[in-house]
Amino acid sequence: MNIEKLLQGQITAAIEKVFGFTPAEGSVQLQQTRREFEGDITLVVFPFVKNARKSPEETARLLGEYLTQNSDLVEDYNVVKGFLNLTIVREWWIKVLANAFRQDKFGVTEVTDDSNLVMIEYSSPNTNKPLHLGHIRNNLLGYSLSEIMKNNGYKVVKTNIVNDRGIHICKSMYAWQQWGEGKTPESTGIKGDHLVGDFYVMFDQQYKKEITELKEKGVPQEEAENIAPSIQAARELLRKWEANDAETVNLWKTMNQWVYDGFDVTYKEMGVDFDKIYYESETYLHGKDEVLRGLKEGIFYQKDDSSVWADLTPAGLDQKLLLRSDGTSVYMTQDIGTAQMRFKDYPIDKMVYVVGNEQNYHFQVLAILLDMLGYEWGKDLYHFSYGMVELPSGKMKSREGTVVDADDLMAEMTEVARKMGEELGKLEGLTKEEADRTYKMIALGALKYFILKVDPKKNMTFNPEESIDFNGNTGPFIQYTHARIQSVLRKAEDTGISIGIDYPNDFELEAKEKELLKTIALFPDAVTQAGTEYSPAVIANYCYELTKQFNQFYHDHSILNESDPVKKSFRLVLSTVVVKILRTGMGMLGIEMPDRM
RNA sequence: GCCUCGGUAGCUCAAUUGGAUAGAGCAACGGCCUUCUAAGCCGUAGGUUAUGGGUUCGAGUCCCGUCCGGGGUACCA
């Protein structure tokens, strides 16, 4: 039950009664009362002053007077300029707490058999190099979004399309053939994805060298890029692969497997997973079939060089290539095939692609193409377009060695967490395993929160020089508060205090307690908003706000040493509910909450 | 060139979608541990919201211009 919705109805009725007109749809605007003013909920009265034919102050005063007299929710009011600040009866806030305490899953919508199914694609790596910071943002957003949708009552299928095929992996394969000396992850002790990535770098160095040499001989840049022996060799591998050459396919399988094994470790460390994995090598042929069908049905057209194109000028766009002149497929072809397979495999109500904003155009086109091909769900696909992660020096560039490696970053953060934890010496009673688990929890909490608290649509800056904070508006701050509450609750349990949710009529709330209750009451709205806006940041900011509120309360009022048993009981309920919300909320960000730290 | 997204405190980010005196954290400075975990709490300082106009009771938010930056505009993905 939502206080604003209830009030909206009462205020509409009040306006009709007091001023004799019906307010326009959506004109009853309610907001949280700012902390510097008295009151809980504020009505903006400007939209009504014209019809009320009174000054803003007078309009507000008359409404406030009426509501205080006639509403069971409003116990007092005050007017500041055109703002009517309403004080909600104390019983309401107590009821909110009791509700949250009793409910098994406060603030979330449970999934039922009738729930809509949303498929969320995220991660979708190339298999020629290890995951980096950019992938981390993608993975964290995708995982978090999945959790948020689940908590908004959707069935969720998490999916990953692995780009296992193409010129990029052939480059690593060629380099391995040239300079690999039979090296494997086992023989070198190097994680598979990193090993393959090393060869990709080797290829690039060789390729660059060849281009330079050719240019010195007077070959123009563009031609040099095209005829360099290494790129020719890589292309030859791609041709052999497409022709199903046994040796090539074997090497491809072997090296991809190294990468998958490496990715598995990274995903596990990051705490993300998938329900269904698609491989481009299996979907691209379906895409090709679809494009050829489109050609036969006159939806697409062919040029003299036999390349296949779509005419998107009716949609205000350009011409788009779908098959190369040599018949091989492009990125778009593959995505058409993947989409088709997915809709065959699952009863998808909504398809979400978690892909960076550099591909906005691609997904705009994909939606149109699917629509042209006759899939009614095509235009409904949702591109969850997020911003890039930049370094203080600008964009990350793998060639310049400025990429922040995912494995390294997580390991470094864990070390920082360990050092700090050992300095503070708070985990002394724990076994080494428990302490290690906690340090990892804190490190990942810091990293995940740092990334997810930012509006996903915006670019963000990451400075690898300054390690991520553990104080202030951070994951560990919230984790720490959770651990402190758990500690109090453990002690309460040990002493066998009974906690109840029935309070006498004269039970008074402290100011900090009421602030906390108001914030608790907002949790369901935050979950809903995060779902409709596809925004983990909404959850992160909410959790921070709640945590801050709790810490202020915790600082000012003792829980276990409170002499009044009713107050003590009330505060324990309050603490229990905060723990519950933080676990649910941070869970939606993929962040675990330690009981000690 | 064209399309598109953005510019908020020294730094990293908010701002209930057009509402009150633009808020947090970090960094700086000053307080608070004999008391439920100080990874905490309180305070000081920090802003012409890139810039010029417009719309209205009200603009960081909407419209137009200018400047600066990102991305896209590939027979790359």
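Every value quoted in this text rests on a predicted model; they were computed, and no experiment measured them. Chain letters run A, B, ... following the sequence lines, proteins first and then strands; every chain starts at 1.
Side chains of A:Glu4 and A:Gln8: a donor-acceptor N/O pair is absent below 3.5 angstrom, by distance only.
B:G40 has no stacking from A:Tyr480 on its base ring, since the centres under 5.5 angstrom apart and planes within 30 degrees of parallel are not both found. Judged by centroid separation below 5.5 Å and plane tilt below 30°, A:Phe83 stacks onto the base of B:A20. For A:Tyr554 and B:G40, the ring-to-base geometry does not satisfy the stacking test (centroid distance below 5.5 Å, interplanar angle below 30°).
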What's the verdict on ring pair (Phe, Tyr, Trp, His ring centres under 6.0 Å) for A:Phe553 and A:Phe550, showing C-alpha distance, side-chain angles and the deciding distance?
-> CA-CA 5 Å; A:Phe553 154 77; A:Phe550 184 86; 5.5 Å; yes
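Nucleotides B:G10 and B:C5, compared at atom C1', are 26 Å apart to the nearest Å. Nucleotides B:G70 and B:U8 are separated by 15 Å at their P atoms, to the nearest Å. Taking atom C1' on both B:U56 and B:U66, the two are 24 Å apart, rounded to the nearest angstrom. Look at the P atom in both B:A28 and B:G58: the space between them is 43 Å, to the nearest Å. Remark: the separation of the P atoms in B:U21 and B:G6 is 26 Å, to the nearest Å. Taking the C1' atoms as reference points, B:A15 lies 7 Å from B:G23, given to the whole Å. Distance check on atom P: B:G53 versus B:G69 gives 24 Å, rounded to whole Å.
The residues A:Arg418 and A:Glu415 are annotated as salt-bridged, a charged nitrogen and a carboxylate oxygen being separated by less than 4.0 angstrom. Using a 4.0 Å cut-off between a side-chain N of Lys or Arg and a carboxylate O of Asp or Glu, A:Glu434 and A:Arg437 do not qualify as a salt bridge. Between A:Glu236 and A:Arg239 there is a salt bridge, since at least one side-chain N of the basic residue sits less than 4.0 Å from a carboxylate O of the acidic one.
Minimum atom distance to the side chain of A:Thr461 is reached by B:U12, of the listed B:U12, B:U37, B:A20. Closest to the side chain of A:Arg596, out of B:C36, B:U37, B:G19, is B:U37. Comparing B:C41, B:U37, B:A77 by their closest approach to the side chain of A:Ala483 singles out B:U37. For A:Tyr331, whose side chain is taken as the heavy atoms from C-beta onward, the closest listed nucleotide among B:U12, B:A77, B:A38 is B:A77. Taking every side-chain heavy atom of A:Glu390 into account, B:G70 is the closest of B:G70, B:U16, B:A14. Of all nucleotides listed (B:A77, B:A20, B:G40), B:A20 comes nearest to the side chain of A:Val80. When distances run from any side-chain atom of A:Asn459 to the nucleotides B:C76, B:U37, B:G70, the shortest one goes to B:G70. Of the candidate nucleotides B:A77, B:G25, B:C13, B:A77 has the atom nearest to the side chain of A:Gln359. Relative to the side chain of A:Met388, the nucleotides B:G71, B:U73, B:G25 differ in distance, and B:G71 lies closest. Comparing atom distances between the A:Pro47 side chain and each of B:G71, B:C76, B:G19 picks out B:G19 as nearest.
Across all strands shown, B:C2 forms a Watson-Crick or G-U wobble pair, both distances under 3.5 Å, with B:G72. When both pairing distances are held under 3.5 Å, B:A9 makes no Watson-Crick or G-U pair with any nucleotide shown.
The cationic atom of A:Arg137 (NZ for Lys, CZ for Arg) does not lie both less than 6.0 Å from the six-membered ring centre of A:Tyr386 and within 45° of the ring axis.
Atom-to-atom, NE2 of A:His557 to P of B:C41 comes out at 15 Å; the value is rounded to the nearest Å. Rounded to whole Å, the distance from CG on A:Asp469 to C1' on B:A24 is 13 Å. The distance between atom CG of A:Asp556 and atom P of B:U35, rounded to the nearest whole Å, is 18 Å. Distance CG (A:Asn360) to P (B:U73): 11 Å, rounded to an integer number of Å. The CG-P distance, from A:Leu391 to B:U12, rounds to 12 Å in whole Å. Distance, A:Phe363 CZ to B:G71 P: 19 Å, rounded to whole Å. Rounded to an integer number of Å, the gap from A:Leu522 CG to B:U16 C1' is 9 Å. When the C1' atom of B:C76 is taken as reference, atom OH of A:Tyr207 falls 11 Å away, rounded to whole Å.
Contact annotation for A:Phe462: no contact, since no heavy-atom pair falls under 4.0 Å across all strands.
A residue-by-residue look at A:Thr474 and A:Lys395 shows that A:Thr474 has its nearest nucleotide of RNA chain B further toward the 5' end.
With hydrogens and angles ignored, a donor-acceptor pair under 3.5 angstrom links the side chain of A:Asn85 to the base of B:A20.
The neighbour count for A:Lys567 NZ, taken as heavy atoms of other residues, nucleotides or ligands under 6.0 Å away, is above 12.
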